[in-house]
Amino acid sequence: MTTRKIKILFAPICLLAFVLMSFLFLFFDIDTNKLLSKYKKFVHYSKSHVGAIICNKTNQTIEITDYKWIRKLPPGKSSRDIGIFDADGLLINQPMSFEDTVHFNGILKFCDYSRLTLTEKDGVIEIQAKNVWICKILNDFNFYNSIDQAF
């Protein structure tokens, strides 16, 4: 229910932002080339420095996704250690706990701002996530039954 409220509020906020930006360009002397240049620098920085990371602090090999491709994450390694700059999903094929709910199968898809740490407690892998609130606002954090549904 909350996602629906966020989606409903997001459209009017975007429209309002567009109208306000239009007024800025009309009434103030803003150099659009300079603004576009800063935007391109921000996008370049984001693509080169922002990407989801999964740290496997368990003694088991975990399967993660780099978009639709499944890769194995060895114990004690992070997704960056195995050459994945931006992990996109975590395959759940054993009991994994997240926010007091245990999931037994499926895939957890998340956005570029996530930082997941996997630890093990009593035979269940616990998913500890940072920056999930950003992904939830962007509506890019959810559990799916298959990779085809997630991507």
Side-chain angles (χ1 to χ4, degrees), residues 1-22 24 35-151:
M1 193 66 162
T2 9
T3 15
R4 180 171 278 158
K5 288 180 184 177
I6 291 172
K7 285 181 184 176
I8 291 171
L9 290 176
F10 189 69
I13 290 172
C14 287
L15 182 62
L16 179 64
F18 178 75
V19 169
L20 291 175
M21 289 301 291
S22 299
L24 282 174
L35 188 63
L36 186 60
S37 172
K38 286 186 179 192
Y39 173 74
K40 286 181 180 179
K41 285 180 185 177
F42 171 74
V43 169
H44 175 71
Y45 176 84
S46 179
K47 288 187 178 194
S48 61
H49 291 87
V50 178
I53 300 171
I54 301 175
C55 294
N56 184 4
K57 295 186 177 181
T58 69
N59 59 1
Q60 301 177 37
T61 299
I62 304 296
E63 292 182 324
I64 64 174
T65 65
D66 182 10
Y67 185 56
K68 289 185 176 183
W69 295 276
I70 299 173
R71 303 276 305 270
K72 295 196 182 292
L73 182 61
K77 299 282 184 179
S78 75
S79 54
R80 298 254 170 110
D81 294 337
I82 63 168
I84 299 176
F85 179 77
D86 177 23
D88 294 307
L90 170 66
L91 266 67
I92 300 171
N93 49 17
Q94 55 190 319
M96 292 190 185
S97 171
F98 179 71
E99 293 182 343
D100 299 327
T101 304
V102 178
H103 302 273
F104 294 95
N105 57 18
I107 185 167
L108 170 63
K109 183 181 173 201
F110 41 83
C111 72
D112 294 345
Y113 302 98
S114 297
R115 303 288 183 260
L116 301 180
T117 304
L118 307 175
T119 57
E120 193 170 1
K121 183 178 178 186
D122 299 328
V124 176
I125 295 174
E126 292 184 349
I127 304 169
Q128 300 163 350
K130 293 182 182 174
N131 302 335
V132 171
W133 62 274
I134 297 172
C135 297
K136 288 182 179 179
I137 287 173
L138 297 173
N139 200 22
D140 198 8
F141 186 90
N142 210 344
F143 290 90
Y144 296 93
N145 293 324
S146 69
I147 291 180
D148 292 332
Q149 283 182 348
F151 298 99

*Parallel, tilted or perpendicular: which describes the rings of Phe141 and Phe143, with under 30° parallel and over 60° perpendicular?*
perpendicular
*List the steps and the verdict of side chain to side chain contact (heavy atoms under 4.5 Å, CB included) for Ile64 and Ile84.*
CA-CA 10 Å; Ile64 64 174; Ile84 299 176; 3.8 Å; yes
_Tell me the closest heavy-atom pair linking Ala129 and Leu116, and the distance in Å._
CB-CD2, 3.3 Å
*Mind checking the CG-CD1 spacing from Asp81 to Ile54? Nearest 0.5 Å is all I need.*
12.5 Å
*Taking side-chain contact (heavy atoms from CB on, under 4.5 Å) as the test, write out the residues that go with Gln128, two or more places apart.*
Thr117, Thr119, Glu126
*asked:* Would you say that Ser79 contacts Ile53 through its side chain, given a criterion of any heavy-atom pair below 4.5 Å between the two side chains?
replied: yes
*With a 4.5 Å limit on heavy-atom distance, are the side chains of Leu90 and Leu118 in contact?*
yes
*Pairing residues for Asp88 by the side chain to side chain donor-acceptor pair (under 3.5 Å) criterion, not counting sequence neighbours*: none
*Side-chain touch Thr61/Pro75, heavy atoms, less than 4.5 angstrom*: yes
For residues 98-112, tabulate all N or O donor-acceptor pairs below 3.5 Å that involve a side-chain atom, not counting sequence neighbours.
unit_1	atom_1	unit_2	atom_2	d
Glu99	OE2	Lys136	NZ	3.4
Lys109	NZ	Ala150	O	3.2

*For Thr58, which residues count as a side chain to side chain donor-acceptor pair (under 3.5 Å) partner, sequence neighbours excluded?*
Asn56
*asked:* Once rounded to the nearest 0.5 Å, what's the spacing between atom CG of Leu91 and atom CE of Met96?
replied: 8.0 Å
_Restricting to side-chain contact (heavy atoms from CB on, under 4.5 Å), what partner residues turn up for Asn142, sequence neighbours left out?_
Tyr144
*Residues two or more places apart in sequence or in another chain: which of them pass salt bridge (charged side-chain N to carboxylate O under 4.0 Å, His left out) with Glu63?*
Lys72
*Between Arg71 (side chain) and Ile82 (backbone), is there a donor-acceptor pair under 3.5 Å?*
yes
*Could you tell me the separation between the OG atom of Ser97 and the CD1 atom of Ile127, rounded to the nearest 0.5 Å?*
7.5 Å
